[in-house]
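To start, the structure under review is shown below, and the notes come after it.
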Amino acid sequence: MEAPPVTVMPVTGGTINMMEYLLQGSVLDQALDSLLHRLRGLCDSMEPETFTDHELVYLLKGQQGNPFILRARRSLSHPNTPWHLRYLGQPEVGDKSRHALVRNCVDVATSHNLPEFLNEMGFRMDHEFVATGHMFRKGAMKIVVSKLSRILVPGNTENTERLSLSCLVELSVLAPAGQDTVSEDMRSLAEQLKPLLHLEKIDPSKQRH
Amino acid sequence: MGVACVCQVPVAEGKSVQQTVDLLHKKLEQLGAVKQGSFCVDCETYHATGNVSGQPSKLLYVMHNSETPLSCLALFEGGPCLVADANFDVLMVKLKSHFQNAKGHKVECRGSRFRYCDFLIKVGTVTMSSSARGISVEVEYCPCVVPGDCWNLMKEFMQSFLGTSVPELPSVFAAKPEGLFAPADCVDTVTQYLELFNKLRKLQIPGSNVR
């Protein structure tokens, strides 16, 4: 049993800030098959990955300012895989001509007691939903086509109801800060999906009531 | 991963922390143990801001163990322990307005790692703000995962080089029902280190004997 390397863990400063570049759109259920067919042709790998995930959104209300939001996601189709905890920052305000929404992103894989732990930290669950669909990859780009369902009884993922008759489509790339060429590749893929699907930059802060 | 026990070793009479550590190394080498690299266990303390005044603020401990270098353990004393990947530290930076890092409370335990047949022994110096506060010894019996089954063997082995400083069955195992096994994720080991760090933190006089 060799000794693992003893590394000095940098906590502040030196860690790379990952940014998520995002474009979103939707298609009606009737158009889903055509979209999947087109994506199969445009993207890498023969068959897309299917998934069924349960996502819980937690809020931590501070003394001032907006509540801190964390998203906890687990796979219902692969129950033994770790939970995925995600922090998404405010969208970067800047270059209006930039094609995609850019925001800071921190992804952490965790053990299965994540909800209990977040409650202990002071977070409270705001809402939860089930997402099921397909995931495609093209180079560094990830395209996720999901059907979202509302959970009727808290904690019960069997009993769900579709939120709408459309599918949400998200095109995203995770890259270190400053790599703006990424949004060019995203724009060109988005062009190839028109007019079946219109992917655009949707600012989440403008959606809040 | 086997069953690990972490205990504190008092500093030898009239000797410094470093001298006591050297004595332990010598004893282990005489037994036939082979030095195999080094190890480090560290602990950062965060306290929740924004609590109603009058209520004690909850303390969140974020620990790293060099045996599991890609993981990070976050725990509340007596509460749930989350095993996460190294990005959890980055998340704590983002949470700094809600959880403040008590920088003066960072504790580190560093030292050498020894291998003796099926045992892994780690002798470390516990430091707090660059002052040595005590000595820790972790003994892990690798082939077994049920604490109750190997505790007597571990105790006998520890007696051979620790003499009278042999501890009782750690409370993390005593609290488990008979026969339950130690999980492979270091949670029990790290919980024992946390108990040791907190005990050493409360001591007014640092490790060396003052007469």
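Naming convention: chains lettered A, B, ... in sequence-line order (proteins, then strands); numbering from 1 in each chain. Excluded from the calculations below are hydrogen atoms, water molecules and symmetry mates; all remaining heavy atoms, backbone and side chain alike, are included.
- For chain B, the nearby part of A:Val106 is the side chain; its heavy atoms alone come within less than 4.5 Å.
- Of all non-hydrogen atoms in A:Met121 and B:Met92, the two that sit nearest each other are CE-SD, 4.4 Å.
- With contacts defined as side-chain heavy-atom distances shorter than 4.5 Å, the pair B:Phe99/A:Leu60 qualifies.
- When all heavy atoms are compared, the tightest approach of A:Ser111 to B:Cys81 is OG-O, 4.3 Å.
- Around atom CD of B:Glu156, no more than 12 heavy atoms belonging to other residues, nucleotides or ligands sit under 6.0 Å away.
- Heavy atoms only, all atoms of each residue included: B:Asp85 and A:Asp107 are closest at OD1-O, 4.2 Å.
- Residues A:Leu70 and B:Leu91 come closest through the heavy atom pair CD2-CD1, 3.8 Å.
- Interface remark: B:Leu60 contributes side-chain atoms only to the contact with chain A (heavy atom separation under 4.5 Å).
- Ring geometry for B:Phe88 versus A:Phe117: interplanar angle over 60°, hence perpendicular rather than tilted (30 to 60°).
- Annotation for B:His98 and A:Gly62: closest pair NE2-CA, 3.6 Å, computed over non-hydrogen atoms.
- Using a 4.5 Å cut-off between heavy atoms, B:Cys72 does not touch chain A at all.
- B:Lys94 places no side-chain N or O within donor-acceptor distance of the main-chain N or O of A:Tyr87, the cut-off being under 3.5 Å.
- Here the straight-line distance linking atom CG of B:Leu82 with atom CD of A:Glu120 works out to 11.5 Å at 0.5 Å rounding.
- Remark: A:Glu184 CD is packed, more than 12 non-hydrogen atoms of other residues, nucleotides or ligands lying under 6.0 Å away.
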With side chain to side chain contact (heavy atoms under 4.5 Å, CB included) as the test, would you mind laying out the steps for B:Val83 and A:Thr110 before giving the verdict? CA-CA 6 Å; B:Val83 181; A:Thr110 72; over 6 Å; no
